[in-house]
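Here's the structure we're looking at; comments come further down.
Everything numeric in this text was worked out from a predicted model, so none of it was measured.
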Amino acid sequence: MNSQPNEKAEKPEAIALWEYVPISDFECPIVLSADVARQKWRLFKRLFTNTDHSSEQIKSEEALQTFSRARLDELVPAIDWHAAVDALDCALEDWIHNQPNDSPVKFIVGHPFMGNGEILARWTSRHNARLIAKPQQEQIIDNDPSWLSNWPDSQSCWVLPNLDKCFLRHAEGLALIRRFLGLALNGDLGSGLIGCDSWSWAYLCRVCFIPSSDALTLRAFDGARLSILLSQLANSPHNNRPTFLNAKTGKAVLTDSQEDNNGASKDLERLAMRCRGNAEIARQFWRESLRDEPDKTSLKNSPSKPTVWVGHFTEGAIIPSANDENIALIL
């Protein structure tokens with residue numbers, strides 16, 4: 001008996017858009033070396049040719065106009081962090097149920113603007129955990145033990161969402177946080193989550209003992225994840241989602257499918273690399289790149305599928321790659 005092929009089984013598994021991974025497993029998106037080589041070759045040719053490439057552009061970016069902020073909010077609304085809270089729950093499931101003595105606390109390291117505080121606040125509310133307020137500046141400077149003396153009962157889970165606000169970067173400003181970390185890692189404060197931004201985490205790992213095995217962070221958004229996220233955000237309630245085309249080449253930048261694992265364009269792969277996998281920074285760059293044709297019928301009222309043109313992405317700041325301690329301390 002010949003069995004019929006199972007179409008569902010042949011379909012690739014959907015990408016887990018939000019996923020927490022050990023911080024040691026975090027990897028920034030990269031562009032394949034072949035793509036990098038092609039970019040360098042195009043740059044090399046431009047240096048030695050006087051060809052006017054403006055005629056090759058489908059749409060001149062100078063002839064296009066930016067969208068109003070209200071329209072941008074429809075095309076690229078704010079990220080809802082609810083799914084990220086679900087991902088955090090999934091990552092902590094074994095830890096919550098087993099409460100291992102050798103891992104009383106978990107560090108949740110958030111990248112800039114990636115909603116780490118909001119995610120932890122929602123997780124705290126969902127699990128009825130105790131939210132811990134950061135110490136006052138005077139307590140930090142005086143190494144005041146009163147901040148630690150009123151800790152909640154060790155039987156209940158607690159959440160300190162902002163470890164980065166619990167110290168000052170000088171000798172007198174580190175004593176309290178070192179005392180706190182010693183108690184927390186020994187299990188003297190019970191089970192808890194500790195949130196920290198990635199810049200402060202990098203600094204604290206230099207001046208305090210923190211085992212990286214207890215730290216989780218969101219997986220970086222590569223081109224495929226970024227494509228799915230931006231497709232979800234662009235899903236118009238008016239059921240008239242525009243087509244996003246590269247203003248220079250006319251090629252599609254964003255796929256129609258919200259679950260297409262293989263639909264990431266080269267533009268989004270490069271954007272993911274430029275933003276180091278940070279979805280919120282990529283979202284802002286994406287908003288800034290969107291262009292409209294002037295004197296055109298409103299996208300909302302357009303009878304056909306409207307077009308949004310995607311211009312150049314913001315370059316962003318360049319961080320020195322040299323491992324210079326003076327540069328690190330200044331940053």
**Asked** Judged by atom type as modelled, is there a donor-acceptor pair below 3.5 Å linking the side chain of Thr217 to the main-chain atoms of Ile23?
**Response** no
**Message:** Working to the nearest 0.5 angstrom, can you tell me the gap between Lys165 NZ and Cys196 SG?
**Reply:** 10.5 Å
**Request:** With the side chain counted from C-beta on, respond yes when Leu92 and Tyr20 share a heavy-atom pair under 4.5 Å apart, and no when they do not.
**Result:** no
**Request:** Supply the atom-to-atom distance Trp147 CH2 to Asp142 CG, rounded to the nearest 0.5 angstrom.
**Result:** 14.5 Å
**Request:** Flag the pair Asn162 / Leu160 as yes when at least one side-chain heavy-atom distance between them is below 4.5 Å, and no otherwise.
**Result:** yes
**Asked** Judged by atom type as modelled, is there a donor-acceptor pair below 3.5 Å linking the side chain of Arg283 to the main-chain atoms of Leu226?
**Response** no
**Message:** Please give me the minimum heavy-atom distance between His312 and Ser289, naming the atom from each residue.
**Reply:** O-CB, 3.6 Å
**Request:** Enter the distance from Ile30:CD1 to Glu269:CD here, rounded to the nearest 0.5 Å.
**Result:** 10.5 Å
**Prompt:** Taking the side chain as C-beta and beyond, is there a heavy-atom pair between Leu204 and Ile177 under 4.5 Å?
**Reply:** yes
**Shortest non-hydrogen contact from Phe221 toward Leu17** = CZ-O, 3.5 Å
**Request:** Sort out for me which residue in Leu290, Thr307, Val308 forms a side chain to side chain contact (heavy atoms under 4.5 Å, CB included) with Pro242.
**Result:** Val308
**Item:** Contact summary for Gly173 and Ile140, nearest pair of heavy atoms
**Value:** O-CG2, 3.6 Å
**Asked** Are the side chains of Lys266 and Thr249 in touch, meaning some heavy atoms are under 4.5 Å apart?
**Response** no
**Asked** Tell me, do Phe107 and Leu163 make a side-chain contact under 4.5 Å, heavy atoms counted?
**Response** yes
**Request:** Say whether, by atom type as modelled, one donor and one acceptor occur between the side chain of Asn116 and the main chain of Gly195 under 3.5 angstrom.
**Result:** no
**Non-neighbouring partners of Ser149 that pass side chain to side chain donor-acceptor pair (under 3.5 Å), sequence neighbours left out** = none
**Asked** Between Glu288 and Val76, does a side-chain contact (heavy atoms from CB on, under 4.5 Å) hold up when you go through it step by step?
**Response** CA-CA 10 Å; Glu288 294 172 6; Val76 197; over 6 Å; no
**Item:** salt bridge (Lys or Arg N to Asp or Glu O under 4.0 Å) partners of Asp144, counting only residues at least two apart
**Value:** none
**Test side-chain contact (heavy atoms from CB on, under 4.5 Å) applied to Arg287 and Leu75, step by step** = CA-CA 8 Å; Arg287 282 171 62 101; Leu75 291 169; over 6 Å; no
**Gap between atom CZ of Phe209 and atom CG of Leu185 - 0.5 Å precision** = 7.0 Å
**Asked** Just by modelled atom types, is the Val253 backbone N or O under 3.5 Å from a matching donor or acceptor in the Ser265 side chain?
**Response** yes
**Asked** Quick one: do Phe285 and Phe67 end up in the same hydrophobic cluster if we chain Ile, Leu, Val, Met, Phe, Trp and Tyr together by side-chain heavy atoms under 4.5 Å apart?
**Response** yes
**Fill in**
Paired with Trp95, the side chain to side chain contact (heavy atoms under 4.5 Å, CB included) test is passed by just one of Asp214, Leu193, Leu216, namely Leu193
**Message:** Main chain of Gly223, side chain of Ser227: is a donor-acceptor contact present, judged purely on distance under 3.5 Å?
**Reply:** no
**Asked** Judged by atom type as modelled, is there a donor-acceptor pair below 3.5 Å linking the side chain of Arg291 to the main-chain atoms of Ala247?
**Response** no
**Prompt:** Would His111 and Leu218 satisfy side-chain contact (heavy atoms from CB on, under 4.5 Å), going step by step from the backbone distance to the final call?
**Reply:** CA-CA 8 Å; His111 296 271; Leu218 277 169; 5.5 Å; no
**Prompt:** Is there a side-chain contact (heavy atoms from CB on, under 4.5 Å) between Val207 and Phe167 once you walk through the steps?
**Reply:** CA-CA 11 Å; Val207 298; Phe167 69 96; over 6 Å; no
**Nearest atoms (heavy-atom pairs only) where Arg225 meets Ala16** = NE-O, 3.2 Å
**Item:** Those residues that, when tested against Ser200, pass side chain to side chain donor-acceptor pair (under 3.5 Å) (two or more places apart)
**Value:** Asp197
**Request:** Sequence neighbours left out, what passes side chain to side chain donor-acceptor pair (under 3.5 Å) with Asp267? Give chain and number order.
**Result:** Asn246
**Prompt:** Is it true that the side chains of Gln284 and Glu280 contain a donor and an acceptor less than 3.5 Å apart?
**Reply:** yes
**Prompt:** Counting only N and O atoms by type, is there a donor-acceptor contact under 3.5 Å from the side chain of Trp81 to the main-chain atoms of Leu120?
**Reply:** no
**Asked** Does a salt bridge link Arg71 with Asp292, judged by any charged N lying under 4.0 Å from a carboxylate O?
**Response** no
**Fill in**
OG of Ser103 to CG of Asn98, rounded to nearest 0.5 Å, is 10.5 Å
**Request:** Quick one: pull up CG in Leu148 and CZ in Phe180 and give me the separation to the nearest 0.5 Å.
**Result:** 7.5 Å
**Message:** Once you measure the plane-to-plane angle for Trp158 and Trp151, does it fall in the parallel (<30°), tilted (30-60°) or perpendicular (>60°) bin?
**Reply:** perpendicular
**Asked** Are Glu293 and Leu64 close enough that some pair of their side-chain heavy atoms sits under 4.5 Å apart?
**Response** yes
**Asked** If you take all heavy atoms of Ala83 and Trp18, which pair is closest and at what distance?
**Response** CB-CD1, 3.4 Å
**Item:** Working for salt bridge (charged side-chain N to carboxylate O under 4.0 Å, His left out), residues Lys134 and Asp164
**Value:** CA-CA 9 Å; Lys134 63 182 179 65; Asp164 41 283; over 6 Å; no
**Message:** Membership question, hydrophobic clusters at under 4.5 Å side-chain separation (ILVMFWY): are Val21 and Leu229 in the same one?
**Reply:** no
**Prompt:** Under 4.5 Å between side-chain heavy atoms, hopping through other hydrophobics if needed: is there a path connecting Ile108 to Phe26?
**Reply:** no
**Asked** side chain to side chain donor-acceptor pair (under 3.5 Å) with Gln136: which residues, sequence neighbours excluded?
**Response** none
**Shortest non-hydrogen contact between Ala282 and Leu271, atoms and distance** = O-CD2, 3.9 Å
**Side-chain heavy-atom pair His127, Val159 within 4.5 angstrom cut-off** = no
**Message:** What I'd like to find out is whether the side chain of Trp286 reaches to under 4.5 Å of the side chain of Cys275, using heavy atoms alone.
**Reply:** no
**Asked** Do Arg169's NZ or CZ and the ring of Tyr203 fall within the cation-pi criteria of under 6.0 Å and 45°?
**Response** yes
**With Asp80 via salt bridge (Lys or Arg N to Asp or Glu O under 4.0 Å) - residues at least two apart** = Arg122
